[in-house]
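Here's the structure we're looking at; comments come further down.
As a basis for the values below, the full set of heavy atoms in this structure was taken, side chains included, without hydrogen atoms, waters or symmetry mates. This chain uses plain numbering: 1 for the first residue, then up along the sequence.
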Amino acid sequence: MSATTSPSGQTQHGRQQPGEKQASKGLKTGALGLFSSVVVGMASTAPAYSLAASLGFIVASGGALLAGVKAPGIMLLAFIPMYLIAVAYQELNKAEPDCGTTFTWATRAFGSVTGWMGGWGIIAADVIVMANLAQIAGSYSFTFMGEIGIPGVSNLSGDVFWSTLAGLIWIALMTWIAFRGIEVSAKLQYALLGIEVVILVVFAITALVRVYSGSAESYSLVPTLDWFNPFTLDFGSVIAPSILVAIFIYWGWDTAVSINEETADPEKTPGRAAIISTLLLLVTYALVATAAVAFAGVGTDGVGLGNPDNASDIFSAIGPALFGDSPIGKIMLLLLAASILTSAAASTQTTILPTARTALSMAVFKALPEKFAKIHPKFLTPTWATIGMGIISAAFYLLFTMISPNLLTALIGSIGLMIAFYYGLTGFAAVWFYRRTLTSSFRNFIMRGLFPFLGGGMLFAVFFYGLFQFAMPNWLTDADGNNVTIFGMGAVAVVGIGALVLGFVLMLVWRGIKPDFFKGQTLTKRTHMLVLERLGEAEPTFGLPDSNLGTDVIAPDLSNLPTGAIAIDIVTGEKLKKQKKSPPRH
């Protein structure tokens, strides 16, 4: 029994046959094009917010230099695994454009347990980051209102109660927008992303002009090419933890792939959008990071990026010194505050999109309660998955704030661990899924084998090395110089590993309640195959080599392809046939 779509738009699945692709889950198909997908992918990274909240932690940690002036080099280095994994996303999406992304692909490649944990990695990372996003959005709401002249409001940005309340309101608002439809969400991103990118470029140009004109701070630095060479740094103690923070800055482009079932040309557009998003982010981040390090320096005085008081928000520290007190300067500070606010707000909304769709896919395949598979009949968006994401995020935000607001600063590194886990898993899933056809062409070997494998290997390496550093009690300190720990270990490591352990426990519980998915009855393992073209039939017959279907399944080297017959690539539709051997020359 294959997948079917009911009149209400709901998808039901029975046992799936090897080679089958899934029917629609009821989402609004063809709603987004390439440009919209790129916008959503970039907006999901929240460039302004991500840089504001993370660049300081790449430069230094606990008042001690980490990457220092080589922070721009870390940005370039972190881009490499991001690009390689974006290629893996692109290639896997060609085979199966399912909104579950890593969950679906890892299940196809490795089985139900690995796939479930991959899906949980996405959900956990998104829920954790929502607390950090909500805190920034809530705090900057009051900062922005103070900048536009509302008296007595700016002081509330540092008040835990009011900033938390504002953050919860932002979560509720963005959950509602995500619930209203994918097109509404995309249109909102046009404006929000446009504001922050323009302001970031103006910030960078202004900082560099002041540095080169000699009108910057006394401790400002002139950029050199050596800033872009991170390989002189120690891998275990500096590069690995720095990259875990840096990949948090890049993280989010995969939203463009998670909305694949709502995209025009879903086999091609989402993958292209992911690649384009990562390239645009590289240019933006390298420029802004260089400008910020040059203007502020990496020392602990003033607006220096090595000052722990500036780490959680470098733009608030640098902005007044950069733009000054002139009328134009005040306008720029207002726009800078607006860019951080809109960035955090935009990312709050786009973070809900992939989480809801991952939960939707997991529910459709019975890896989560089927209630999460419900689609709104008018808006064609996940109902319980979207609303549930908002509720869980709000609860997590409240919990961490009540325990200690200082724990919120531990979240960025923890999210980096989650990202490295499920991005790396996706890279390895691509290699294993395509293992039978990797040698069918040089292009396939590189794009489906080498690149995904290197990306996965890099991310798993920084995961383990970074985890070791994060577990140290003195890795993260608060404003008073006290270690931020849980159970005597670094809070960053505890939150990250704790999230994975929680997911494993929940998986075992659900496996006991509803074992269908884990028995392979709703989503089966399979691999990429070449199949024999059957003349006179509407489409080729699919089957595994041991399914008694003769030579329907063709070896990657075409060794078992009958003379004169044609093989079909089941993903691309490409037709292949044996090449005639050239006669030997005498």
Side-chain angles (χ1 to χ4, degrees), residues 41 43-46 49-50 53-54 78 81-82 85-86 89 99-103 105-106 114-136 171 174 178 243-258 274 344 347-359 361-362 368 385 388-390 392-397 399-400 407-427 429 456 459-460 462-463 466-467 470 491-504 506-507:
S44 296
T45 66
Y49 151 73
S50 296
S54 307
M82 289 296 97
I85 294 302
Y89 267 77
C99 65
T101 60
T102 300
F103 157 73
W105 302 329
T114 307
W116 200 99
M117 289 302 297
W120 173 257
I122 297 174
I123 294 173
D126 288 344
V127 169
I128 292 172
V129 79
M130 284 290 281
N132 203 284
L133 289 167
Q135 181 196 33
I136 293 290
I171 290 177
M174 292 305 166
I243 287 184
L244 282 174
V245 178
I247 63 175
F248 167 76
I249 298 179
Y250 281 103
W251 174 53
W253 51 262
D254 53 307
T255 300
V257 186
S258 70
S347 190
T348 302
Q349 187 249 321
T350 51
T351 298
I352 295 170
L353 295 179
T355 317
R357 280 145 185 80
T358 300
S361 183
M362 293 179 75
L368 285 179
M389 170 59 183
I392 294 171
S393 298
F396 183 82
Y397 176 38
L399 175 64
F400 263 56
L407 285 178
L408 294 175
T409 61
L411 297 182
I412 292 176
S414 303
I415 298 163
L417 292 172
M418 295 294 101
I419 300 166
F421 169 71
Y422 84 82
Y423 272 3
L425 181 60
T426 305
L459 289 174
F460 270 43
V462 298
F463 176 92
L467 178 63
F470 287 159
V492 178
V494 175
V495 173
I497 295 302
L500 289 177
V501 171
L502 175 62
F504 188 76
L506 291 176
M507 180 190 70

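- Summarising the geometry of I243 relative to A78, their closest heavy-atom pair is CG2-CB, 4.4 Å, with the distance given to 0.1 Å.
- The shortest non-hydrogen separation linking L459 to G424 is CD1-N, 3.7 Å.
- For Y423 and W253, the distance between ring centers is under 6.0 angstrom.
- Between the side chain of S50 and the backbone N or O of T45, at least one donor-acceptor pair lies under 3.5 Å.
- The aromatic rings of F248 and W251 are tilted relative to each other, their planes meeting at an angle between 30° and 60°.
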(request) Show your reasoning for whether side-chain contact (heavy atoms from CB on, under 4.5 Å) applies to M130 and I352. (result) CA-CA 9 Å; M130 284 290 281; I352 295 170; 3.9 Å; yes

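- Side-chain N or O atoms of S361 include none that pairs as donor or acceptor with a backbone N or O of R357 at under 3.5 Å.
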(request) Apply side-chain contact (heavy atoms from CB on, under 4.5 Å) to the pair F103 and I122, showing each step before the final yes or no. (result) CA-CA 9 Å; F103 157 73; I122 297 174; 5.6 Å; no

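- Side-chain contact between V129 and M418: absent, with no pair of heavy atoms (C-beta onward) separated by less than 4.5 Å.
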(request) Show the numbers, then the answer: is there a side-chain contact (heavy atoms from CB on, under 4.5 Å) between I419 and Y250? (result) CA-CA 10 Å; I419 300 166; Y250 281 103; over 6 Å; no

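- Across all non-hydrogen atoms, the minimal contact from F396 to A131 is CD2-CB, 3.8 Å.
- Inspection of the T102 and Y89 side chains reveals an N or O donor paired with an N or O acceptor under 3.5 Å.
- The two residues A491 and S414 come nearest to each other via the heavy atoms O-OG, 4.2 Å.
- Proximity of W116 to L368: side-chain heavy atoms (C-beta onward) are separated by under 4.5 Å at one or more points.
- Side-chain contact between W120 and L502 is present, with at least one heavy-atom pair separated by less than 4.5 Å.
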(request) Check step by step if side-chain contact (heavy atoms from CB on, under 4.5 Å) holds for L425 and M117. (result) CA-CA 10 Å; L425 181 60; M117 289 302 297; 5.7 Å; no

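- For D126 against P354, the heavy-atom pair with the smallest separation is OD2-CG, 3.8 Å.
- Across I85 and G427, no two heavy atoms sit closer than the pair CD1-CA, 3.8 Å.
- Side-chain contact between L417 and F463: present, with at least one pair of heavy atoms (C-beta onward) separated by less than 4.5 Å.
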